[in-house]
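Accompanying notes for the structure given below.
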Amino acid sequence: MQNRTNMTVHANEFMESHAKIPEIKFIKLFINGEFVDALSGKRFESIDPRTEEVIANIAEGDKEDIDLAVKAAREAFDLGPWPRLPGRERRRIMLKFADLIDENLEELAALDTIDAGKLYNMNKILDIPGAAETIRYFAGAADKIHGETLKMSRELQAYTLSEPVGVVGHIIPWNFPSTMFAMKVGPSLAAGCTVVVKPAEQTPLSALFYAHLAKRAGIPNGVLNVVTGYGHTAGAAITSHMDIDMVSFTGSTEVGRLVMQAAASSNLKPVSLELGGKSPFIVFDDVDVDKVADLALQGILFNKGEICVAGSRVFVQQGIYDKFIIKLAEKAKTWVVGDPFHPNVRQGPQVDKKQYEKILSYIDIGKKEGATLLYGGKPYDRKGYYIEPTIFVNVTDDMTIAKEEIFGPVMSVLKFKSVEEVIKRANGTKYGLAAGIMTDNLNTANTVSRSIRAGVVWINCYFAFDNDLPYGGYKMSGFGRDCGLESLHKYLQVKSVATPIYNSPWL
Ligand code: ADP
């Protein structure tokens with residue numbers, strides 16, 4: 001089914017692709033500048049979600065491999081050049097790293113497609129160049145890290161130093177393997193930290209490729225280590241490690257809790273947690289229905305709904321509710337599902353079988369609890385983890401699909417009357433990651449944006465990410481920010497230095 005650009009395509013017509021997949025070059029752990037097997041010799045299978053077939057057997061790191069990686073990172077931090085380099089040197093090396101990412105764009109894009117089922121074209125225009133740009137953004141900060149001179153109330157001269165926090169463990173999820181890698185590694189390297197990265201077991205390929213590029217760029221051995229493996233083994237070994245100074249984690253709220261517990265019961269390392277969400281996308285009566293229905297659909301279907309800020313609860317004001325849901329259904333019909341290598345496809349397979357089954361079970365629950373299925377709701381009868389874009393209407397706040405994070409292409413539409421009501425209902429969730437507010441009324445936008453308890457609020461747009469925009473959660477969506485200079489600061493700690501101005505008798 002090729003070359004259908006000008007035809008109306010229905011979502012349930014599947015688009016095939018015959019793209020050539022890349023050769024997998026890196027399958028081993030990257031520790032102290034070398035690719036090595038896991039000490040146990042074990043491997044785990046990386047599965048292509050398009051075909052359910054094995055793409056590669058990847059080294060399965062465990063506690064003892066994490067120990068080796070931490071030892072390398074510790075030595076590189078305590079004795080090596082990286083934290084001691086002038087900032088401009090770290091900047092130069094990181095800029096080279098970013099250039100190498102750009103040079104290898106197509107290969108990296110293809111790796112994230114076969115690993116995560118992400119759209120190849122989107123990886124080429126967004127994820128991979130975005131990762132390079134994030135590394136550049138933080139490279140530019142590497143030589144602008146300063147403390148403060150303090151005006152003291154006694155006869156003391158004092159200042160603060162901004163020092164790197166030390167060895168950082170990064171545990172990253174599978175939905176944006178490249179973006180997450182850059183968002184975590186970029187600021188921590190710029191700060192002068194050394195790192196141990198554990199990519200998600202579903203998507204280990206691009207992280208290993210980035211490790212290879214980092215070495216080529218001149219990042220010294222031991223500064224950047226990548227240990228592939230499972231969360232409950234390799235991941236848990238990071239969170240409880242006595243020689244890791246900080247953990248930055250993005251993933252589910254349940255695992256976030258485990259990360260915090262392990263940090264508390266080991267060396268009290270600080271943690272930064274970016275967790276789940278059930279974000280409200282609020283549509284007021286005064287909007288352009290056509291335009292906003294498009295945005296609402298993208299808000300839940302982008303990256304097949306596997307995005308923590310997905311606008312999964314769409315609140316629509318009663319005056320336009322009926323018109324809006326008709327538009328949503330019309331537009332969902334043109335949303336093309338298929339092989340993510342095909343240029344016309346907008347939605348590929350879910351990342352793995354577990355996620356696929358979880359989403360389908362939520363769809364069942366939605367039906368059983370009485371929500372009206374407006375569109376989709378079925379898996380594709382073929383190999384691969386493909387699910388139709390799915391829209392439930394007449395959803396009520398107490399339904400499971402309105403409360404729990406589904407992390408899939410499943411929208412819940414809810415009706416509301418007033419501003420006060422929607423603020424209360426939008427905040428009626430344990431999460432607080434993001435919110436969208438669609439209105440031309442400035443007063444409404446101001447009132448709602450200030451009343452929503454979420455880390456990011458988008459007004460008349462959605463997914464407006466930027467390296468400058470700090471990003472993270474309120475409530476059980478976590479704490480700590482990625483992106484923005486806030487994220488650089490989380491990898492720095494403040495040392496206060498004081499000295500007498502003259503020989504004061506009481507000092
Ligand atoms: P999801 O449920 O969406 O797969 P997770 O929160 O389980 O998301 O996974 C996010 C990351 O956390 C992955 O890299 C995973 O391997 C890791 N992880 C899972 N369990 C643990 C754990 N107990 N300790 C540390 N990391 C973990």
Side-chain angles (χ1 to χ4, degrees), residues 29 38 44-47 49 58-63 65-67 69-70 112 115-118 168-181 183-185 195-208 210 225-241 244 246-266 269 271-278 303-310 312 350-359 361-362 385 404-410 431 433 473 476-478 480 482:
L29 317 178
F44 66 100
E45 293 179 341
S46 188
I47 309 284
I58 309 290
E60 186 187 325
D62 204 331
K63 186 178 178 311
D65 306 287
I66 293 291
D67 284 343
V70 175
D112 279 353
D115 233 2
K118 290 167 66 77
V168 180
H170 291 301
I171 300 178
I172 58 183
W174 41 260
N175 56 342
F176 285 86
S178 291
T179 312
M180 290 289 162
F181 185 94
M183 253 160 62
K184 297 206 180 285
V185 165
V195 304
V196 176
V197 181
K198 200 210 71 71
E201 50 272 36
Q202 295 86 345
T203 55
L205 300 179
S206 56
L208 294 172
Y210 287 120
N225 305 276
V226 176
V227 178
T228 47
Y230 291 103
H232 65 282
T233 52
I238 289 180
T239 57
S240 60
H241 208 289
I244 289 187
M246 177 186 173
V247 169
S248 174
F249 169 82
T250 299
S252 58
T253 295
E254 301 73 54
V255 176
R257 193 190 292 279
L258 296 177
V259 170
M260 211 166 157
Q261 280 166 350
S265 52
S266 54
K269 58 180 81 61
V271 296
S272 160
L273 305 176
E274 198 261 276
L275 309 174
K278 193 74 191 174
N303 210 49
K304 26 168 177 141
E306 292 172 348
I307 178 164
C308 41
V309 290
S312 48
Q350 308 306 138
V351 72
D352 65 4
K353 189 160 195 265
K354 185 174 147 218
Q355 191 58 22
Y356 169 81
E357 286 172 352
K358 180 178 150 196
I359 296 164
S361 81
Y362 272 116
Y385 307 122
E404 295 184 12
E405 184 178 46
I406 300 175
F407 225 66
V410 184
Y431 295 115
L433 200 50
M476 285 179 75
S477 293
D482 285 322

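Order of listing sets the numbers, starting from 1, for every ligand and every atom in it.
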Y210 and V197: side chain to side chain contact (heavy atoms under 4.5 Å, CB included), yes or no, with the steps? CA-CA 11 Å; Y210 287 120; V197 181; over 6 Å; no
As a quick check of understanding, evaluate side chain to side chain contact (heavy atoms under 4.5 Å, CB included) for H241 and I238, giving each step before the final call. CA-CA 5 Å; H241 208 289; I238 289 180; 5.7 Å; no
Start with the C-alpha distance between K63 and D67, add both sets of side-chain angles, then the distance that settles side chain to side chain contact (heavy atoms under 4.5 Å, CB included), and finish with yes or no. CA-CA 6 Å; K63 186 178 178 311; D67 284 343; 3.5 Å; yes
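A donor-acceptor contact under 3.5 angstrom links the side chains of E404 and Y362, judged on distance only.
A cation-pi arrangement is not found for K198 relative to F249, the charged atom failing to lie both closer than 6.0 Å to the ring centre and inside a 45° cone about the ring normal.
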Below 3.5 Å only, please: the N or O atoms of ligand 1 paired with protein N or O atoms, distance on each line.
residue: ligand 1; atom: 4 (O); partner: W174; partner atom: NE1; Å: 2.9
residue: ligand 1; atom: 6 (O); partner: S252; partner atom: N; Å: 2.8
residue: ligand 1; atom: 6 (O); partner: S252; partner atom: OG; Å: 2.8
residue: ligand 1; atom: 14 (O); partner: I172; partner atom: O; Å: 2.8
residue: ligand 1; atom: 14 (O); partner: K198; partner atom: NZ; Å: 3.2
residue: ligand 1; atom: 16 (O); partner: K198; partner atom: NZ; Å: 2.9
residue: ligand 1; atom: 16 (O); partner: E201; partner atom: OE1; Å: 2.6
residue: ligand 1; atom: 16 (O); partner: G231; partner atom: N; Å: 3.3
residue: ligand 1; atom: 24 (N); partner: G231; partner atom: O; Å: 3.4

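Crowding of K353 atom NZ: a count of heavy atoms from other residues, nucleotides or ligands under 6.0 Å not exceeding 12.
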